[in-house]
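Inspection log for the structure reproduced underneath, given as structure tokens.
Protein chains get the first letters and strands the later ones, always in sequence-line order, with residue 1 at the start of each.
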There are 2 protein chains.
Amino acid sequence: MDMHEVPRAEPPHPAQDVFEHVGYRLKQAHAALRGAMDAVLREHALTVPQYSCLEVLAARPGLSNAELARATFVTRQSMNVVLRGLQSAGLLSRPDTVATGRARPTTLTDEGRRRLRAAQRDVYAVEARMVSALPAGRLEALLTDLGRVTRALHDDHPDHAGALGEPGT
Amino acid sequence: MDMHEVPRAEPPHPAQDVFEHVGYRLKQAHAALRGAMDAVLREHALTVPQYSCLEVLAARPGLSNAELARATFVTRQSMNVVLRGLQSAGLLSRPDTVATGRARPTTLTDEGRRRLRAAQRDVYAVEARMVSALPAGRLEALLTDLGRVTRALHDDHPDHAGALGEPGT
DNA sequence: AGTTCAATGTCAGAACCTTGACATATTCGA
DNA sequence: TCGAATATGTCAAGGTTCTGACATTGAACT
């Protein structure tokens, strides 16, 4: 263990108690969010990856399979099966052939937009529950710090860093 | 951002941009952490659930299968296969029979403690990278806010809430 | 006691996601 | 121009996790 305590110099060491590590708390919060979203989306016959796909697609129409995969933090292969399912359900459409390149731009159908809107009502209630649990002004700090943590992790693992939603500064 | 920020009522609505939602940022940070830990633990021949199990077990010796599952945010069934693997690898031990009840208390073996210590060196470097990315004093705020978010989500989904690592206040 | 209830451990099946690989298409540089 | 590097879509195989179900055990209640 430690030779002796560092005199409260705010050391960048992990806390002694595992349950107060940033990683543990992050995992805990994510698990809670996942569970809440699973429960809510079940009534809409949508999985979390499916919903995430629709949500991102509504914000950035025309994204390709690989781009959607990066934006939702899954592999291209996983997103491929998600897209097949959503396409066969009539919630989105992709051109069978494309003028140039291999990437096929994906767009929501009217039915897809309808289903997304219905699900958003419940999912946004979950989001609102998280936001309202934070003291005034702390939301922005939380978002900023989560961004810092993400960037710090990507710095040493520059796989698909700097995807969507990464603030410039 | 804006210099003249009026002390508005800070509405608990989700942001317009999906990529600035708390849920999205949480998922993003978790994915980055998961990737970093995966990469680091691969050299120790451990998966993230396996490492989590060892870590929790070191902090709370004698936990049962179900308790470990709750502490690491997986189902009993998943933890069961993790425990089987770790047991057959000789990293932990469980009594075949128990005096009372059904729960079998799990404890690390010496080899388990050794492997955990080796892996911790690398995992704690990841944790330190996250912590050092935060401005001074913001670590505690981040932990607190993540706790608030978790509690808020559990309030409406009181499945296995109040597990380990939940601060009393 | 006897019964209901909750919690635990486990089995079986399905669903999910990942790693690895390959073919195709664009871009870039020698 | 041609080849290397990069990016995309897709297939195949494996591992992981979850949902659903059941038996067992202890606790709570009547």
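The salt bridge (charged side-chain N to carboxylate O under 4.0 Å, His left out) test applied to Arg138(B) returns Asp145(A), not counting sequence neighbours. Partners of Thr144(B) by side chain to side chain donor-acceptor pair (under 3.5 Å), not counting sequence neighbours: none found. The side-chain contact (heavy atoms from CB on, under 4.5 Å) search around Thr109(B) returns Ser93(B), Glu111(B), not counting sequence neighbours. Residues passing the side chain to side chain donor-acceptor pair (under 3.5 Å) test with Ser78(A), sequence neighbours excluded: Thr75(A). Residues satisfying the side chain to side chain donor-acceptor pair (under 3.5 Å) test with Thr72(B), not counting sequence neighbours, are none.
The shortest heavy-atom contact between Leu143(A) and Glu20(B) is CD1-O, 3.4 Å. Listed here is the closest heavy atom pair of Arg148(A) and Ala133(B): CD-O, 3.1 Å.
First and last contacting nucleotides of DNA chain D toward chain B (any atom under 4.0 angstrom from a heavy atom, 5' to 3' order): dT17(D) to dG26(D).
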If you look only at distance, which donor and acceptor atoms sit under 3.5 Å apart when one is on a side chain in residues 99-106 of chain A and the other is two or more places apart or in another chain?
| residue | atom | partner | partner atom | Å |
| --- | --- | --- | --- | --- |
| Arg104(A) | NH1 | Pro95(A) | O | 3.4 |
| Thr106(A) | OG1 | Leu63(A) | O | 3.1 |

Side-chain donor-acceptor distances from residues 40-48 of chain A under 3.5 Å, at least two apart:
| residue | atom | partner | partner atom | Å |
| --- | --- | --- | --- | --- |
| His44(A) | NE2 | Asp122(A) | OD2 | 2.7 |
| Thr47(A) | OG1 | Gln50(A) | N | 3.2 |
| Thr47(A) | OG1 | Gln50(A) | OE1 | 3.4 |

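Annotation: His21(B) is in aromatic contact with Tyr124(A) [ring centroid separation under 6.0 Å].
Note on the helix from dA1(C)-dT30(D) to dA30(C)-dT1(D): angle between the axes of the first and last five pairs equals 30°, rounded to 10 degrees.
Toward the 5′ end of DNA chain D lies the nearest nucleotide of Arg42(A), the other residue of the pair Arg42(A) and Ala99(B) mapping further downstream.
Applying the salt bridge (Lys or Arg N to Asp or Glu O under 4.0 Å) definition to pairs two or more places apart or across chains, none involves residues 76-96 of chain B.
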Nucleotide-resolved protein contact map, nucleotides 12-17 of chain C, B/S/- at heavy-atom distance under 4.0 Å: ----SS
Under 4.0 Å protein heavy-atom contact, by nucleotide of nucleotides 1-9 of chain C - B base, S sugar-phosphate only: -------BB
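Aromatic ring pairs are classed by plane angle as parallel below 30°, tilted from 30° to 60° and perpendicular above 60°; the pair Phe73(A) and Tyr24(B) is tilted.
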